[in-house]
Amino acid sequence: MPELPEVEVVRRGLARWIGGRTVAGAEVLHPRAIRRHVAGAGDFADRLRGTAVTDVRRRGKYLWLPLGDEFALLAHLGMSGQLLVQPERTPDEKHLRIRITFTDLARGELRFVDQRTFGGLSLHPLDPAGLPDVISHIARDPLDEDFDEDAFHVALRRRRTTVKRALLDQSLISGVGNIYADEALWRARLHYERPTAGLSRRGTAELVTHVREVMTAALAVGGTSFDSLYVNVNGESGYFSRALDVYGREGEPCRRCGTAVRRRPWMNRSSYFCPRCQRVPRLPVR
DNA sequence: GGAAGCTCCTGAAAGC
DNA sequence: TGCTTTCAGGAGCTTC
């Protein structure tokens, strides 16, 4: 599942292989993949044709390719999205949704492949800060040098919610998904139901540090791949799944204390934690 | 307005 | 063997 490290790996690959190239055409093979582009497939292709990719940027789990100064191609990988740079003669992938070709054919085409179609591509105007307007509500991510830790702490204290919900709220801190939330909380020895209103300034700082550390470690080995659903632009998997401490390790011993890791259903997904290192808060928020 | 829950989607794995 | 159910989860939308 692509979270910040995986998206950053893709961003770096796109910058290398797509940066500076001019779009020759676009083919939309599944309408759901451009559902956020409300003007439809024809408009999507017409507006892309002839534009040049001037940069490849990221905020949290969103990627965008500025196409001049006024608008950008926005991408979100969702659960299973892949942006692949493939030689044009490569057979189509089973779940190929969008194909973008460039004027220099020999350097390959860009393919958006997405099994579950939670992700997609769309075109949007850039706001004065250079951000696609539809993601202006997305907070800076913890690897962004301008991430405001004090403001994050104040926001946490104001919320009547729990710490994992807050970590997954992209308007508070972006780039964190279920895997790295569980990993960071394990490192910080915090239970996922801990109320944010009770976090100390030091507690917030430690949590953010653990989020940064786990993401940086994942980035260093190409991200986390459990199956073929996350790969970089060359179709290669990452290796961080081998280094996960709690996520996906139900019943296995905690790497710190040896207690069996537990999995609990949580918000239509799962939370993994060590019941000894991460004690249940006495007064959970209702 | 804030917080919580629902829904979209596909395919692998488990259960029968 | 084959059918059904469960599970995975990001984020927009709806409900309270």
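Each chain gets a letter, A, B and so on, in the order its sequence line appears, and its residues count up from 1.
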Once base and sugar-phosphate atoms are separated, protein heavy atoms under 4.0 Å mark nucleotides 11-16 of chain C, 5' to 3', with B, S and - as BS----
From CZ of A/R249 over to P of C/dA8, roughly how many Å is that when rounded to an integer? 17 Å
Does B/dG5 have OP1 or OP2 under 4.0 Å away from a side-chain N or O of A/R165? yes
Is it true that A/R99 and A/D92 have a side-chain N and a carboxylate O under 4.0 angstrom from each other? yes
Is A/D169 reaching over with its side chain to a backbone N or O of A/S171, donor-acceptor style, under 3.5 angstrom? yes
Within the 4.5 Å heavy-atom criterion, are A/F102 and A/L110 side-chain neighbours or not? yes
So, applying side-chain contact (heavy atoms from CB on, under 4.5 Å) with A/P2, which one of A/V10, A/V7, A/V9, A/L83 is it? A/V7
Can a side chain N or O of A/S270 be found less than 4.0 Å away from OP1 or OP2 on C/dA8? yes
Under the 6.0 Å and 45° cation-pi test, does A/R255 pair with A/W186? no
Given 3.5 Å as the limit, does a donor-acceptor pair link the side chain of A/R249 with the main chain of A/A260, or not? no
Taking the side chain as C-beta and beyond, is there a heavy-atom pair between A/L244 and A/D182 under 4.5 Å? no
Rounded to whole angstrom units, what separation is found between the CD1 atom of A/I173 and the C1' atom of C/dG10? 16 Å
Check the distance between B/dG5's C1' and A/W266's CH2 and give it to me in whole angstrom. 12 Å
Note the angle between the end axes of the helix from B/dG2-C/dC16 to B/dC16-C/dG2, five pairs defining each, rounded to 10 degrees. 60°
Between B/dC8 atom C1' and A/Q115 atom CD, what is the distance in whole Å? 14 Å
Rounded distance in Å - CG (A/L77) to C1' (C/dA8): 16 Å
Between A/H30 and A/N268, name the one whose nearest nucleotide on DNA chain B is closer to the 5' end. A/N268
Within less than 4.0 Å of OP1 or OP2 of B/dT10, is there a side-chain N or O belonging to A/K94? no
Answer yes or no: side-chain N or O of A/R159 and base N or O of B/dA3 forming a donor-acceptor pair under 3.5 Å. no
Below 4.5 Å, heavy atoms only, C-beta onward: do A/R269 and A/L168 meet side chain to side chain? yes
Salt bridge A/R212-A/E149, side-chain N to carboxylate O under 4.0 Å: yes
Proximity to the side chain of A/N178 - top-ranked nucleotide from B/dT7, C/dG10, B/dC9: C/dG10
Determine the contact category for A/R263: base if any of its heavy atoms lies under 4.0 Å from a base atom, sugar-phosphate if only primed atoms, P, OP1 or OP2 are that close, otherwise nothing. sugar-phosphate
Nearest whole angstrom, please: distance from the C1' of C/dC7 to the CZ of A/R264. 17 Å
Does a nitrogen or oxygen in the side chain of A/T161 sit under 4.0 Å from OP1 or OP2 of B/dA4? yes
Separation of A/R116 atom CZ from B/dC9 atom C1', in whole Å? 8 Å
Roughly, in whole Å, what's the span from OH in A/Y272 to P in C/dC7? 11 Å
Donor-acceptor pair, side chain of A/R111 and main chain of A/Q86, under 3.5 angstrom: no
Which part of the nucleic acid does A/D114 contact within heavy-atom distance under 4.0 Å: base, sugar-phosphate only, or nothing? nothing
